[in-house]
Amino acid sequence: MMKRFPLYPMLAALLGATFFILPLVATFYFSLKMTRGELGFAAYQSVFNSAAFLKTISYSTVASLVAILIGAIIVVPTAYWVRLKLPKLRPVVEFISLLPLILPPVVLVFGYIRLFGSNSWMPLTTSTLGTDVLLVMGYVVLSMPYMFRAVDNGMAAIDISTLSEAAQSLGASRVRTIVSVIFPNVRAAIISGAFLTFSISLGEFVLASLLNRPAFGPYLVQLGQDRAYEPAALAIMSFGFTWCCMALMQVFATRKPGQRWLPFPNSRPATRT
Amino acid sequence: MSFLSISNAVKSFGSNTVVKGFDLGVDKGEFVSFLGPSGCGKTTVLRMIAGFEGPTSGKISIDGRDVTELSPNMRRIGMVFQAYALFPNMNVFGNIAFGLKVAGLSKTEIESRVNEMLGLIGLTHLAERYPYEMSGGQQQRVALARALAPKPQVLLLDEPLSALDAKIRVSLREEIRAIQRKLDITTVFVTHDQEEAMSISDRIVVMNGGRADQIGTPSEIYNRPATRFVAGFVGTLNVLKARANGQDLQSVSAGGTTMRLAQPVRTADAEGKLSLGLRPEAISLTPSESRDVSFRGEVKAVNFMGSVIRIRMDAGGEIISFDMFNTPNQTPPTIGQLASAHCSSSDIFELSQ
């Protein structure tokens, strides 16, 4: 029997692709038209030559990396302990980790300003460092749903209970077990969470703007108000960056221990004997 | 004094008591198996020895030292798990070296010990392999080497062969026993497979409902089961309803015949009722001088099982199973035929409830 051509699914896929790709192509095309009468990368050049761009992207990169580090330090032991010793609390912890998706960042930042404002017991907003700390903590909170979900899924994939017992029977303390056994085995999950955190916090606007920090998000918005072609170039670069992150997540998630990063001809095959 | 001693250990999870007053002494270098059905508490006792579960009450000591309150990483035990539990991020060398690194040994000492262990399990050529690149049998060998590398005081094996196929299971159990004998390490082995326990243990603890029903050598457990549960769980058994004959405590009636037991009955109730056990291999169709008890009845089933033929016979209302060798010069009885089966009274034992 001849197979029927899947007309409707193909049409739906085409429509979806058009909806996604067309604006992207249009934006890319527009970003190339900065110099009158010719297509070129002048907008991209202009972005990279801007001192403000380099300053804000560096600031946001550092803040995001610190947020990833703190997030991992908080989330990994919490997810480990909850899975191992307090499984009944898992729905509660999961709910708490999802709260940032329910509460808008503006609520969080106003809460910070009230709690840590100049009249509070801990006036963090009165100093640059204090405000930076608040921004990073805000990023940690915003990335919590993604970080916790990624790490928790990573732990579900391995038998952390038996692995922990095996490590303990060999004399390892709880800390050593987490550092030497659990952490490396959920590394792919942590990295996935880290990339998600990075892509969220790099372009984050609300927290950075209301805390008045020189971050990339507010810079993007400002540029959108002042210029025409550079924001289009930045949008395309952001897309490229996010896709790179997703590709790297895929690489880390599927790579097995001992496997080479690239399929060299002499690489050891990952086969059972 | 025993090297490993468990005194009156009790373990409860909420209102559910899974281990009820467990006592055991294991000598240095001894291989003891915990045998029992699922949920009998054998793994819980093993986990209490390892320190993964704390006893609700009771005491556990190793080499004279009370370890009841000691955390697992301080007990100097080696454990092999059913699911191998090799660290996926480490290769074979890394897995075996883990305990040695934790113990703070030098690089040279670690290398030497790991190579020694790899030689012991015969996997020197796989030192660079990762767990996902090995078969189940190889992984379990590595798990054994990893547990033995830091020279533990006690080796604990939690159903280590259950996840393997039948052929590997037999070869690996022999290997485990050989290594255990070579290293003279005190070993506790948990299994629900009676054949496995019988073949490699010095002593077997048959567990039932959180208690040790019987502790003895494989031969004692098989030939002289202490309880009806042990008799039924270990091997195949004919259980005969019997009645004591008056004041003569050695004379009983069962399976339509009267016999004199080797020992006086101990467990008959007020009406003189008791249960007797008889292994199928103790019964034969051929009479002899030593076979002083004979059952007569109708053959109900004849099952061809390869080297043996199992026959089921109705003798005075009791179904008796017995085996005969499948030899060309001996024809098995046919279904419906009247036959006589013979055994020695010394093969019949009394079953306590």
Side-chain angles (χ1 to χ4, degrees), chain A residues 76 80-81 83-88 151 153-192 252-261 263-264 266-273, chain B residues 46-47 49-53 70-105 123 125-126 128-139 143 146-152 154-156 158:
Chain A
V76 175
Y80 172 70
W81 202 249
R83 273 207 171 264
L84 200 67
K85 296 281 174 189
L86 308 162
K88 281 183 186 165
V151 171
N153 284 348
M155 289 198 180
I158 56 167
D159 186 356
I160 58 161
S161 168
T162 314
L163 287 181
S164 300
E165 286 177 359
Q168 282 183 287
S169 73
L170 294 163
S173 64
R174 198 62 88 172
V175 174
R176 183 144 193 170
T177 303
I178 293 177
V179 173
S180 305
V181 177
I182 303 302
F183 221 90
N185 283 306
V186 292
R187 192 177 53 193
I190 296 170
I191 290 170
S192 296
F252 278 106
T254 52
R255 182 182 165 268
K256 285 179 173 172
Q259 266 187 340
R260 289 183 194 279
W261 290 105
F264 290 117
N266 61 344
S267 67
R268 196 156 46 80
T271 50
R272 282 158 65 96
T273 50
Chain B
L46 191 86
R47 290 174 62 79
I49 300 170
F52 300 134
E53 304 286 352
L70 219 56
S71 61
N73 60 322
M74 307 298 282
R75 293 194 181 197
R76 288 192 56 209
I77 47 114
M79 187 146 172
V80 178
F81 299 84
Q82 184 181 348
Y84 322 134
L86 292 181
F87 305 133
N89 58 314
M90 297 176 202
N91 61 15
V92 169
F93 189 96
N95 266 283
I96 300 174
F98 183 82
L100 305 170
K101 281 183 190 163
V102 171
L105 265 64
L123 292 180
H125 59 294
L126 297 183
E128 297 298 317
R129 287 275 173 94
Y130 281 83
Y132 68 90
E133 298 173 303
M134 294 189 297
S135 67
Q138 288 170 335
Q139 286 189 59
R146 181 182 68 174
L148 291 169
K151 298 183 178 167
V154 179
L155 178 65
L156 305 174
D158 186 8

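Computation of the quantities below employed the complete heavy-atom set of this structure, encompassing side-chain atoms and omitting hydrogens, waters and symmetry-equivalent molecules.
For the set A:V181, A:D159, A:N185, the entry with the most heavy-atom pairs within less than 4.5 Å of chain B is A:N185.
Heavy atoms closer than 4.5 Å to chain A are found in the backbone of B:A147, but not in its side chain. Only the backbone of B:L86 comes within contact range of chain A, judged by heavy atoms closer than 4.5 Å.
Scanning all heavy atoms of the two residues, the minimum distance from A:P184 to B:N89 falls at CB-ND2, 3.2 Å. When all heavy atoms of B:P88 and A:L163 are compared, the pair lying nearest together is CD-CD1, 4.0 Å.
Heavy-atom proximity under 4.5 angstrom to chain B picks out A:E165, A:A166, A:A167, A:Q168, A:S169, A:L170, A:G171, A:A172, A:S173, A:R176 from residues 165-178 of chain A. Contacts from residues 72-82 of chain B to chain A, taken as heavy-atom pairs separated by less than 4.5 Å, involve B:P72, B:N73, B:I77, B:M79, B:F81 in sequence order.
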